Amino acid sequence: MLEIKLVREKYGEIEKALSNRGEKMDLPAMMEQDNQRRALLLEIEALRHRRNLVSQEIAAMKKQGVDADAMVTEMRAVSARIKEFDASLATLDETLNNFLMRLPNIPHASVPVGKNSGDNPVRKKVGKVPAFNLEPQAHWTIGENLKILDFERAARIAGARFPLYIGAGARLERALINFMLDVHTGEHGYTEILPPFMVNRSTMTHTGQLPKFEEDLFKLEGWDYFMIPTAEVPLTNIHQGEIIEEDSLPIYYTAYTPCFRSEAGSYGKDTRGLIRQHQFNKVEMVKFATPDTSYDELEKMLANAEAILQRLGLAYQVLTLCTGDMGFSAAKTYDIEVWMPAQGVYREISSCSNCESFQARRADIRFRRKGQKGTELVHTLNGSGLAVGRTVAAILENYQQSDGSVVIPQALQPYMGGMECIVK
RNA sequence: GGAGAGAUGGCCGAGUCGGCUGAAGGCGCUCGCCUGCUAAGCGAGUGUGGGGCGAAAGUUCCACCGAGGGUUCGAAUCCCUCUCUCUCCGCCA
């Protein structure tokens, strides 16, 4: 969310940012609402001021036994008017708030302007793309042949877009989760969290999933609970409503959680395999930082995610998302894409964003600078480190052997009980 | 699920029969004084959000005592609903 004050003061800038994002919103209408609101507020406050003064007089008069009926009658009318005005104000507030809650974040100045994913510049390519003698198999074929993935049975249990890992497949998924958490906590300084997997509406609103993207979420019928689409939601909300001391910043959290997404509107896309599921596992990183350091922290977070891929020996590229492809809450985003040999393309496996104060404003997360009055909003960052299912897919495809087996990356072998290779 | 208790500022904790309580008192914190050092002591200050005026420092007004409604000229104080916390019973992985 942006502040209405900011919209008022930097109107032109925001108008431009919106058009760069390819968003159409009626800003003039919002300004009109804001003007009306402030004018009304002025009137209401004047009335309240008068009421406060006269009420005190009444109190004084009554104490002295003087008759105050005339004033009481007058104030009765004043209160009635305040009530009327309050109702109009509430309507204006609601409209305005509704507007603001649907306004996306302003891209950082360093974000390239572009229309869609085709305009995302490649920042770097890392690692060597493996060469194959034979045509490389898709991960779902490999997984089904090794009997470590079973999409048919998963579909019977739950439906399309659900995973079922068996034996070494399940173990591989768990090994990756443990590996990633160990690296982030042991070497990158993150504190491990195990949060709720369902959250309430306000939590979901704070991070920007609501009100605009409700159709992307799974909601529990009869409850005000939503399944989390990413651990970013509970992790960022850990400090909702808090004022953090500057000393304790930056704060680093990491968590493994399953993620649940309706994938509305993606019918026919990635229908096979582990790429696009209603339920998938992810290890997430979330940071709270001061505005002075948040962009350095973003670079570090990106490096933390990259470290996982490097240790797994997977080739990847990093993109800077352009204005037209960024998520709602982000001011700047890097995507990491891992090499998938079967399709011969890079696929997104991590996304690291600086949301600046966008989420902090919604979630009311502030900090106090040492020795200074007042508070400031913190900056929040989030990044995948990494999407686990897609990592499994990448390992299966990149480490497949001509006999159908899959070699386990060395860094993972301790987590697999010493297993070096998955064979039939 | 049943019965009861509670929710006040960074923390602890007052708040009488509704009226000058943004909120006593204490702790903490900040600045200053004092002091071989430390501790103690003394003095001053110390919430958040919003609006108006101002270039700014600031100033002024409004709101906020879990949340939302209601009663009243006036509510932290009375009434209703909800949320959360705690205790006991039941149930349960």
Side-chain angles (χ1 to χ4, degrees), chain A residues 1-10 30-101 194-206 210 220 222-226 234 237-249 251 288 357-378:
Chain A
M1 184 172 68
L2 304 173
E3 275 164 310
I4 187 63
K5 209 195 282 182
L6 192 79
V7 180
R8 214 183 294 146
E9 285 164 6
K10 301 190 171 175
M30 180 150 65
M31 294 317 294
E32 177 51 32
Q33 292 280 315
D34 177 49
N35 286 334
Q36 280 185 34
R37 197 193 80 97
R38 278 185 300 152
L40 187 60
L41 200 58
L42 222 57
E43 282 188 70
I44 290 178
E45 289 192 348
L47 285 172
R48 283 210 181 112
H49 182 48
R50 169 140 180 79
R51 185 176 71 182
N52 287 345
L53 292 178
V54 176
S55 287
Q56 280 183 34
E57 278 180 53
I58 292 172
M61 288 167 80
K62 286 207 167 176
K63 217 171 196 175
Q64 291 168 28
V66 183
D67 175 72
D69 283 359
M71 281 181 166
V72 169
T73 310
E74 190 204 335
M75 283 309 103
R76 195 170 296 158
V78 168
S79 278
R81 268 179 79 203
I82 292 175
K83 206 168 178 177
E84 268 173 51
F85 284 1
D86 269 342
S88 319
L89 184 68
T91 311
L92 282 168
D93 273 342
E94 203 190 320
T95 314
L96 196 58
N97 203 40
N98 196 34
F99 214 118
L100 286 171
M101 290 303 255
L194 188 60
F197 299 162
M198 294 180 223
V199 300
N200 59 33
R201 181 172 289 272
S202 70
T203 287
M204 209 56 108
T205 305
H206 294 158
L210 293 177
L220 267 68
W223 294 80
D224 198 32
Y225 289 147
F226 297 84
N237 275 284
I238 286 177
H239 294 295
Q240 62 183 97
E242 292 183 20
I243 299 172
I244 302 169
E245 288 307 321
E246 190 181 12
D247 285 348
S248 43
L249 292 172
I251 296 171
F288 301 82
S357 58
F358 187 85
Q359 295 178 325
R361 187 170 299 106
R362 293 173 162 237
D364 189 25
I365 310 170
R366 291 164 295 157
F367 76 101
R368 209 188 301 278
R369 284 193 197 270
K370 244 190 140 50
Q372 278 191 33
K373 278 192 154 191
T375 57
E376 267 179 72
L377 293 164
V378 301

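In what follows, every chain begins at residue 1, and chains take the letters A, B, ... in the order their sequences are listed. Being a predicted model, the structure only gives us computed values, none of them experimental. Side chains are part of it too, since the values below use all heavy atoms of this structure and drop only hydrogens, waters and symmetry mates.
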Dump the pairs, protein N or O against N or O of nucleotides 19-21 of chain B, anything under 3.5 Å, distances to one decimal.
| from | atom 1 | to | atom 2 | distance (Å) |
| --- | --- | --- | --- | --- |
| B:G19 | N2 | A:Ser55 | O | 3.0 |

Self-check item: More than 12 heavy atoms of other groups within 6.0 Å of A:Met198 CE
Solution: no
Exercise. Using a 4.5 Å cut-off on heavy atoms from C-beta on, say whether the side chain of A:Met204 contacts that of A:Asn237.
Key: no
Exercise. Return yes when atom OH of A:Tyr225 has more than 12 non-hydrogen atoms of other residues, nucleotides or ligands closer than 6.0 Å, and no otherwise.
Key: no
Quiz item: Mind checking the C1' distance from B:C78 to B:G19? Whole angstroms is fine.
Solution: 14 Å
Practice problem: Using a cut-off of strictly less than 4.0 Å, decide whether A:Asn52 has a side-chain nitrogen or oxygen near OP1 or OP2 of B:C61. | Solution: no
Quiz item: Which residues satisfy the side chain to side chain donor-acceptor pair (under 3.5 Å) test with A:Asp67, sequence neighbours excluded?
Solution: none
N/O to N/O distances under 3.5 Å, protein versus nucleotides 75-79 of chain B:
none

Quiz item: Can you tell me how far P in B:C64 sits from the matching atom in B:U77, rounded to whole Å?
Solution: 11 Å
Practice problem: May I ask you to test the A:Asp364-A:Gln240 pair for a side-chain heavy-atom distance under 4.5 Å? | Solution: no
Quiz item: Can you check the A:Glu242 CD to B:G10 C1' distance for me, whole Å?
Solution: 12 Å
Practice problem: Any chance you could encode RNA chain B as dot-bracket? Rule is Watson-Crick or G-U wobble with both distances under 3.5 Å; [ ] for pairs crossing earlier ones, | for another strand. | Solution: ((((((((.[[[..)...(.....]]]((((((.......))))))(((((((....))))))).[[[[[..)....]]]]])))))))....
Exercise. Starting at OG1 of A:Thr95, measure out to CG of A:Asp34 and round the result to the nearest 0.5 Å.
Key: 12.0 Å
Self-check item: All side chain to side chain contact (heavy atoms under 4.5 Å, CB included) counterparts of A:Ile238, not counting sequence neighbours
Solution: A:Ile193, A:Leu235, A:Tyr253
Quiz prompt | Heavy-atom neighbours of A:Arg38 CZ exceed 12 at 6.0 Å | solution = yes
Quiz item: Expressed in angstrom and rounded to an integer, what is the separation of A:Phe85 atom CZ from B:C62 atom C1'?
Solution: 16 Å
Quiz prompt | Distance-only donor-acceptor check, side chains A:Asn200 and A:Thr203, under 3.5 Å | solution = yes
Exercise. Pick the C1' atom in B:G74 and in B:U21, then give their distance to the nearest Å.
Key: 14 Å
Quiz item: Would you say B:U48 has OP1 or OP2 under 4.0 Å from some side-chain N or O of A:Arg368?
Solution: yes
Self-check item: Residue whose nearest RNA chain B nucleotide is more 5′ - A:Arg50 or A:Met75
Solution: A:Arg50
Quiz item: Tell me: CD of A:Glu246 to C1' of B:G10, nearest whole Å?
Solution: 17 Å
Quiz prompt | Results of salt bridge (Lys or Arg N to Asp or Glu O under 4.0 Å) for A:Arg368 - residues two or more places apart only | solution = A:Glu245
Practice problem: Taking the side chain as every heavy atom from C-beta outward, state whether A:Leu100 and A:Val7 have any atom pair closer than 4.5 Å. | Solution: yes
Quiz prompt | C1' atoms of B:C88 and B:G10, separation to the nearest Å | solution = 33 Å
Quiz item: In whole Å, what separates the C1' atom of B:G9 from that of B:A24?
Solution: 13 Å
Distances under 3.5 Å between protein N/O atoms and the N/O atoms of nucleotides 64-71 of chain B, please, pair by pair.
| from | atom 1 | to | atom 2 | distance (Å) |
| --- | --- | --- | --- | --- |
| B:U71 | OP2 | A:Lys83 | NZ | 3.2 |

Give me, pair by pair, the N or O atoms of the protein and of nucleotides 49-55 of chain B that are less than 3.5 Å apart, along with how far apart they are.
| from | atom 1 | to | atom 2 | distance (Å) |
| --- | --- | --- | --- | --- |
| B:G49 | OP1 | A:Thr375 | OG1 | 3.0 |
| B:G50 | N2 | A:Glu45 | OE1 | 3.4 |
| B:G50 | N2 | A:Glu45 | OE2 | 3.3 |
| B:G52 | OP1 | A:Arg38 | NH1 | 3.0 |

Quiz prompt | Residues that A:Glu246 engages under side chain to side chain donor-acceptor pair (under 3.5 Å), provided they are two or more places apart | solution = none
Exercise. With C1' as the reference atom in both, quote the distance from B:G47 to B:U8 in angstrom, rounded to an integer.
Key: 13 Å
Quiz item: Would one find a side-chain N or O of A:His49 under 4.0 angstrom from OP1 or OP2 of B:C61?
Solution: no
Quiz item: Do you know the tightest heavy-atom contact between A:Val378 and A:Phe288?
Solution: CG2-CD2, 4.2 Å
Quiz item: Distance between the P atoms of B:G22 and B:U16, in whole angstroms?
Solution: 15 Å
Quiz item: 5'-most contact on RNA chain B: A:Arg48 or A:Thr73, nearest heavy atom basis?
Solution: A:Arg48
Quiz item: Say you pick atom P in B:C82 and the same atom in B:G4; how far apart are they, in whole Å?
Solution: 15 Å
Quiz item: Considering residues at least two apart in sequence or located in another chain, which fulfil the side chain to side chain donor-acceptor pair (under 3.5 Å) criterion with A:Glu84?
Solution: none
Quiz item: Where the side chain of A:Arg8 meets the backbone of A:Glu3, is there a donor-acceptor pair that is under 3.5 Å apart?
Solution: no
Exercise. Quick one: which residue pairs count as a salt bridge (charged side-chain N to carboxylate O under 4.0 Å, His left out) with a foot in residues 43-53 of chain A, not counting sequence neighbours?
Key: A:Arg48-A:Asp86, A:Arg50-A:Glu74
Practice problem: Under the side chain to side chain contact (heavy atoms under 4.5 Å, CB included) rule, collect the residues that match up with A:Gln56, sequence neighbours excluded. | Solution: none
